[in-house]
Amino acid sequence: MSKTGAQHEIIDAMWYSLSAGGKRIRPALVLEFCHVCGGNLKNALPAACALEMVHTFSLIHDDLPCMDDDDLRRRKPSCHKAYGEAMALLAGDALLNIAYETICHGEGLSAETKLALISELSAAVGVNGMIGGQVIDTCCEEAPSENSLLEMYSMKTGALLKAACRMGCTAAGADREKTEQAGLYAEKLGLAFQIIDDILDITGDEKLLGKPIGSDAAEGKQTYASLMGIERSRKMASELTDEALGILDSFENSSFLRELTIYLLKRNY
């Protein structure tokens, strides 16, 4: 991206959020599933980068005053605090678009594979995926049930994680069975991940998390942890993690994925 001309500020805002750190779970999943399916990691890099760009776009927009109105992200002022609301909105939009451009320009991938990757990512981001889950989270007026919360989590958090795993398989040229198993693993992982996030919003250390805690309660949002309690939530996350680990039995050389899965259950930020 060229930083010449009037658009230099939006490029700075995009890079500000994209380079702020984080766990990089989604790109790691893309690369690892490509690896365990015997693929060339270079072929998976465009998809891995695209996933992180899309995730960063979602965080920028989530933090906006019209959404969660959070002032901190990854121990830094949120994008809209650093660059203003208008520029943050545009930076998120630009990251979403450049994600698809990155896949299109990927070397070593056939046109058919690129199309499959873009299709997978588009579906995960859209109204039946991440954005749809955010809409439910934002507009739901009725007190949610356990099942409705889990359904929302599968869209808001799980869809992008599922896309990451499946895109890694696609980049490796894996068969349908492997790709389906990767998606099933991600469904379990995504639910466990969000439940742990809920717990950390109640019990976590703000300095470790790099963002305010207690924001869900302050906004009157019902989460799995607030609805079911901390103990039951931890048990549910543990059970989902065990199920995810069981699915990994169908993949060879999955030691890193196993370690990552367990780490995400036990994390404190």
Discussion item. Using a 3.5 Å distance criterion without hydrogens, assess whether the side chain of Lys114 forms a donor-acceptor pair with backbone atoms of Gly106.
Written reply: yes

Worksheet item: In terms of hydrophobic clustering (I, L, V, M, F, W, Y; side-chain heavy atoms under 4.5 Å; direct or indirect links), are Ile98 and Leu115 co-clustered?
Response: no

Discussion item. For the NE2 atom of His80 and the CG atom of Asp63, what is their distance to the nearest 0.5 Å?
Written reply: 6.5 Å

Discussion item. Would you say that Met53 contacts Glu101 through its side chain, given a criterion of any heavy-atom pair below 4.5 Å between the two side chains?
Written reply: no

Worksheet, complete the sentence: Nearest heavy-atom approach of Ala47 to Val30 is CB-CG1, 4.0 Å

Worksheet item: Between Arg26 and Ala163, is there a donor-acceptor pair closer than 3.5 Å when you use the side chain of the first and the backbone of the second?
Response: no

Fill in: pair Thr157-Asp197: side-chain heavy atoms closer than 4.5 Å
no

Item to complete: For Lys188 and Ala244, work out which heavy atoms get closest and say how close.
Response: CB-CB, 3.8 Å

Discussion item. Using a 3.5 Å distance criterion without hydrogens, assess whether the side chain of Ser154 forms a donor-acceptor pair with backbone atoms of Glu151.
Written reply: yes

Worksheet entry | Test item: Lys178 side-chain N/O and Ser250 main-chain N/O as donor-acceptor pair under 3.5 Å | yes

Item to complete: Would you name the heavy atoms of Ile199 and Ser233 that are closest together and state the gap between them?
Response: CD1-CB, 3.8 Å

Discussion item. So does Glu231 get a backbone contact from the side chain of Arg234, meaning a donor-acceptor N/O pair under 3.5 Å?
Written reply: no

Discussion item. Using only atom types and a distance under 3.5 Å, with no angle test, would you say the side chain of Ser78 pairs donor to acceptor with the backbone of Asp70?
Written reply: yes

Discussion item. For Tyr224 and Tyr153, take the angle between the two ring planes, folded into 0 to 90°, and tell me which bin it lands in: parallel under 30, tilted 30 to 60, perpendicular over 60.
Written reply: tilted

Practice prompt. Establish, yes or no, whether the cationic atom of Arg258 lies under 6.0 Å from the six-membered ring centre of Phe251 and within 45° of the ring axis.
Written response: no

Fill in: Under 3.5 Å: donor-acceptor pair, side chain of Arg74, backbone of Gly21
yes

Worksheet entry | Thr241 side, atom OG1; Ile195 side, atom CD1 - distance, nearest 0.5 Å | 9.0 Å

Discussion item. Within this structure, what is the NE2-CG distance for the pair His55 and Leu18, rounded to the nearest 0.5 Å?
Written reply: 10.5 Å

Worksheet item: For Ala171 and Leu117, which heavy atoms make the closest approach, and how far apart are they?
Response: N-CD2, 4.4 Å

Worksheet item: Quick one: are Ile262 and Leu245 in side-chain contact, heavy atoms under 4.5 Å?
Response: yes

Worksheet entry | From Asn40 atom CG to Leu109 atom CG, the distance as rounded to the nearest 0.5 Å | 9.5 Å

Item to complete: For residues Gln134 and Asp62, determine if any side-chain heavy atom of one lies less than 4.5 Å from a side-chain heavy atom of the other.
Response: yes

Fill in: Side chain Ser122, main chain Ile118, donor-acceptor under 3.5 Å
yes

Discussion item. Using the rule given for side chain to side chain contact (heavy atoms under 4.5 Å, CB included), can you reason through Lys42 versus Glu107, listing the C-alpha separation, both sets of side-chain angles and the distance that settles it, and then say yes or no?
Written reply: CA-CA 8 Å; Lys42 288 184 179 180; Glu107 297 180 2; over 6 Å; no

Practice prompt. Kindly say whether Thr223 contributes a backbone atom to a donor-acceptor pair with the side chain of Asp198 at under 3.5 angstrom?
Written response: no

Worksheet entry | Nearest-0.5 Å distance, CG of residue Leu160 to CE of residue Met155 | 13.0 Å

Worksheet entry | Heavy-atom side-chain proximity of Ile196 to Leu264 below 4.5 angstrom | no

Worksheet entry | Shared hydrophobic cluster for Leu189 and Tyr263 (ILVMFWY, side-chain gaps under 4.5 Å) | yes

Discussion item. Do Ile60 and Trp15 land in one hydrophobic cluster if side-chain heavy atoms of ILVMFWY residues count as linked below 4.5 Å?
Written reply: yes

Discussion item. Is there a path of hydrophobic side-chain contacts, each under 4.5 Å between heavy atoms of I/L/V/M/F/W/Y residues, joining Tyr185 to Leu31?
Written reply: no

Worksheet item: Do you know which two heavy atoms are closest between Ile10 and Ala94, and how far apart they sit?
Response: CD1-CB, 4.1 Å

Worksheet item: Does one hydrophobic cluster hold both Val135 and Leu89, with members joined at side-chain heavy-atom distances below 4.5 Å?
Response: no

Worksheet item: Please walk me through it: do Leu257 and Phe33 pass side chain to side chain contact (heavy atoms under 4.5 Å, CB included)?
Response: CA-CA 8 Å; Leu257 285 170; Phe33 271 98; 3.9 Å; yes

Worksheet item: Considering only heavy atoms from C-beta outward, does the side chain of Tyr83 approach that of Ser17 to under 4.5 Å?
Response: no

Fill in: Test log, rule side chain to side chain contact (heavy atoms under 4.5 Å, CB included), inputs Met130 and Phe57
CA-CA 11 Å; Met130 182 184 70; Phe57 132 71; 3.7 Å; yes

Worksheet item: Leu95 and Val54: side chain to side chain contact (heavy atoms under 4.5 Å, CB included), yes or no, with the steps?
Response: CA-CA 6 Å; Leu95 282 168; Val54 169; over 6 Å; no

Worksheet item: Does Met228 reach the side chain of Leu149, with side-chain heavy atoms less than 4.5 Å apart?
Response: no

Worksheet item: Heavy atoms, side chains only, cut-off 4.5 Å: are Glu180 and Leu184 in contact?
Response: no

Item to complete: Answer yes or no: is there a donor N or O on one side and an acceptor on the other, between the side chain of Ser110 and the main chain of Thr113, under 3.5 Å?
Response: yes

Response to the item:
Here the pair of heavy atoms bringing Cys165 nearest to Ala182 is CB-O, 3.7 Å

Discussion item. So, taking the atom named CD in Glu85 and the one named SG in Cys79, what distance separates them when rounded to the nearest 0.5 Å?
Written reply: 11.0 Å

Worksheet item: Does a sphere of radius 6.0 Å around NZ in Lys23 hold more than 12 heavy atoms from other residues, nucleotides or ligands, not counting ones at 6.0 Å or beyond?
Response: yes

